[in-house]
Amino acid sequence: MIPTHQILVGDALEKLREIPPESIQMCVTSPPYYNLRDYDDPRQLGLETTPELYIEHLVEISREVRRVLKKDGTFWLNIGDSYSSGGRANYDSAVISQSSGLRNSSAGGVRHTPGWAKPKDRLMIPARAAIALQADGWYLRDEIVWFKPNPMPESVTDRTTKSHEMIYLLTKSPQYYYDYEAILEPAAYDGRIDTMMKGSEKYATSCVPGQAEHTMAARGHERWPNKLAYKQKEDSYGSNSQPFGSIHAMEGAPARNKRSVWRVPTRNFNGAHFATYPPDLIKPCIMAGSRRGDTVLDCFGGRGTTGEVAIELGRNVILIELNPSYAELCKQSVDTTPGLL
C-alpha cells in the first residue's frame with residue numbers, strides 16, 4: 001500500500017483542531033526554539049515576551065496533540081535551549097489576543113530580557129517545558145540526549161560549546177505502543193563462550209530490602225537476552241529502509257536496548273529553511289512509535305524531514321506548516337521520497 005500524505009498550511013493550533021480525535025499513532029516534531037529566529041509571521045511560536053508565555057503556548061498546542069493521538073500513541077518532542085542575553089535576547093513582542101489567532105509580532109525589534117533571568121543565564125527551556133507538559137497530564141517516559149559530534153561553532157570562552165539537544169518521549173497513557181525490538185543496537189559482546197549469567201550473591205536479596213530479586217542475581221539467563229530474539233517485522237520498517245542496530249540481532253549477533261544518548265551528526269540543507277533535524281535522528285522515533293500503515297504527525301513541518309522519513313518507512317504522514325514557502329518545501333520533499341515513487 002502506498003503511504004498517504006497531507007500538508008496543512010496554517011497555524012499549528014488551528015490546524016490541529018481540524019484533525020479528528022484519536023486518529024494519529026504518533027507525533028514527532030521540533031517546534032521553533034524560544035527566541036532563536038524570526039519567521040516573520042505574527043502567529044509564530046518562539047518570539048513570546050517571556051519563556052513562560054512560550055511554554056504556555058507550547059502546552060496549548062501539545063494539548064491538541066494529545067487529543068488527536070490514539071490511546072496508545074506517543075509524542076516525541078525535540079527542543080533546544082537559549083540564553084537570556086546576547087545575540088539571542090528576547091524580542092519585546094506585541095502579544096495579540098488569541099481570539100484573533102495571532103501570538104507574536106517582532107515589529108520594532110526591541111530587545112527584552114525576562115525579569116527573573118540574570119544576564120547570560122541559560123533559560124532551561126527544555127526542562128521547563130517537560131515539567132509543564134507533565135503538569136498538563138502527559139506521562140514523561142524518556143529524556144533522550146541528541147549528541148551532535150559536529151555542533152555549530154561558538155566563539156564563547158567562558159563555557160563549553162553546546163553539542164546536544166533534548167528529545168522527550170511523552171505519552172497520554174501509562175501503557176502505549178513502543179516497539180523496542182525495531183531499534184535494538186549492537187551489544188558490546190566480549191567474546192566469552194559462556195553467555196549465561198551465573199548470578200551474583202551480592203544481589204540475591206536485591207539492593208533495597210523487601211524488593212524482588214535483582215536481575216543480576218538470577219542464574220541461567222542470557223547475558224545478551226536479545227541475541228536471537230529479534231525477528232524481522234515488515235510492520236517496523238519499509239522495504240526502502242535499512243533497519244538500525246537490529247540488523248545485528250537478525251544475523252545472530254548480540255543486541256541490547258537502545259540507549260538514551262543518540263550520536264547523530266547534523267546535516268546541511270541547501271534550501272531556504274534554517275532549522276532542520278537530520279533524518280537519522282527521527283528514524284528510531286518513528287520505528288519504535290508506529291507500525292507500517294500508521295499515521296505520523298509533525299505539527300511544525302519545516303522542510304518536511306518527518307514526511308520523508310515516515311513515507312520511506314511505510315507510514316502515512318500529516319505535516320502542518322505555518323509558512324507557505326516552507327510548506328512548498330515540505331511538498332517537494334515528500335513528493336520525491338522513494339516510498340511514493
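All values below come from the heavy atoms of this structure, side chains included, with hydrogens, waters and symmetry mates left out. For reference, positions follow the sequence shown, starting with 1. Values in this document were obtained by computation on a predicted structure and should not be read as measured data.
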For the pair [X] (side chain) and [Y] (backbone), establish whether a donor and an acceptor sit closer than 3.5 Å, ignoring hydrogens and angles.
X: R66; Y: D136; result: yes
X: D298; Y: F300; result: yes
X: D335; Y: Q332; result: no
X: S84; Y: K120; result: yes
X: R128; Y: P51; result: no
X: D280; Y: V264; result: no
X: K172; Y: W138; result: no
X: S333; Y: R303; result: yes
X: E321; Y: N323; result: yes
X: R259; Y: N257; result: yes

Any side-chain donor-acceptor pair under 3.5 Å between [X] and [Y]?
X: N78; Y: E165; answer: yes
X: T171; Y: R141; answer: no
X: W116; Y: E52; answer: yes

With the 4.5 Å side-chain cut-off for hydrophobic clustering, are [X] and [Y] part of the same group?
X: I131; Y: F75; result: no
X: Y139; Y: L170; result: no
X: I55; Y: Y34; result: yes
X: I320; Y: I79; result: yes
X: L297; Y: L322; result: no

Euclidean distance, [Y] [atom2] relative to [X] [atom1], rounded to 0.5 Å:
X: L58; Y: L53; atom1: CG; atom2: CG; value: 11.5 Å
X: D294; Y: M26; atom1: CG; atom2: CE; value: 9.5 Å
X: E14; Y: I61; atom1: CD; atom2: CD1; value: 10.5 Å

Quick one: closest heavy-atom pair of [X] and [Y], and the distance?
X: P3; Y: I311; answer: CB-CD1, 3.5 Å
X: T74; Y: Y177; answer: CG2-O, 3.8 Å
X: P126; Y: M166; answer: CB-CG, 3.9 Å
X: T295; Y: S23; answer: CB-O, 4.2 Å
X: G304; Y: V334; answer: O-CG2, 4.4 Å
X: A327; Y: V9; answer: CB-CG2, 3.6 Å

Taking the side chain as every heavy atom from C-beta outward, state whether [X] and [Y] have any pair of such atoms under 4.5 Å apart.
X: D72; Y: S173; result: no
X: S82; Y: I125; result: yes
X: D158; Y: V156; result: yes
X: Y33; Y: L45; result: no
X: P265; Y: P278; result: no
X: E64; Y: L13; result: yes
X: I167; Y: L281; result: yes
X: I7; Y: V317; result: no

Short N-O contact, [X] and [Y], less than 4.0 angstrom:
X: K15; Y: E18; result: yes
X: D81; Y: K162; result: no
X: R67; Y: E22; result: no

Review point. Got more than 12 heavy atoms from elsewhere within 6.0 Å of NZ, K148?
Key: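 Counting neighbours around NZ of K148, more than 12 heavy atoms of other residues, nucleotides or ligands fall under 6.0 Å, so yes.
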Point to revise | Residue among T29, T266, T306 satisfying side chain to side chain donor-acceptor pair (under 3.5 Å) with Y277 | key: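 With Y277 as partner, side chain to side chain donor-acceptor pair (under 3.5 Å) holds for just one option, T306.
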Check your understanding: Do the ring centers of Y168 and W76 come within less than 6.0 Å of each other?
Key ->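 Ring centres of W76 and Y168 not closer than 6.0 Å.
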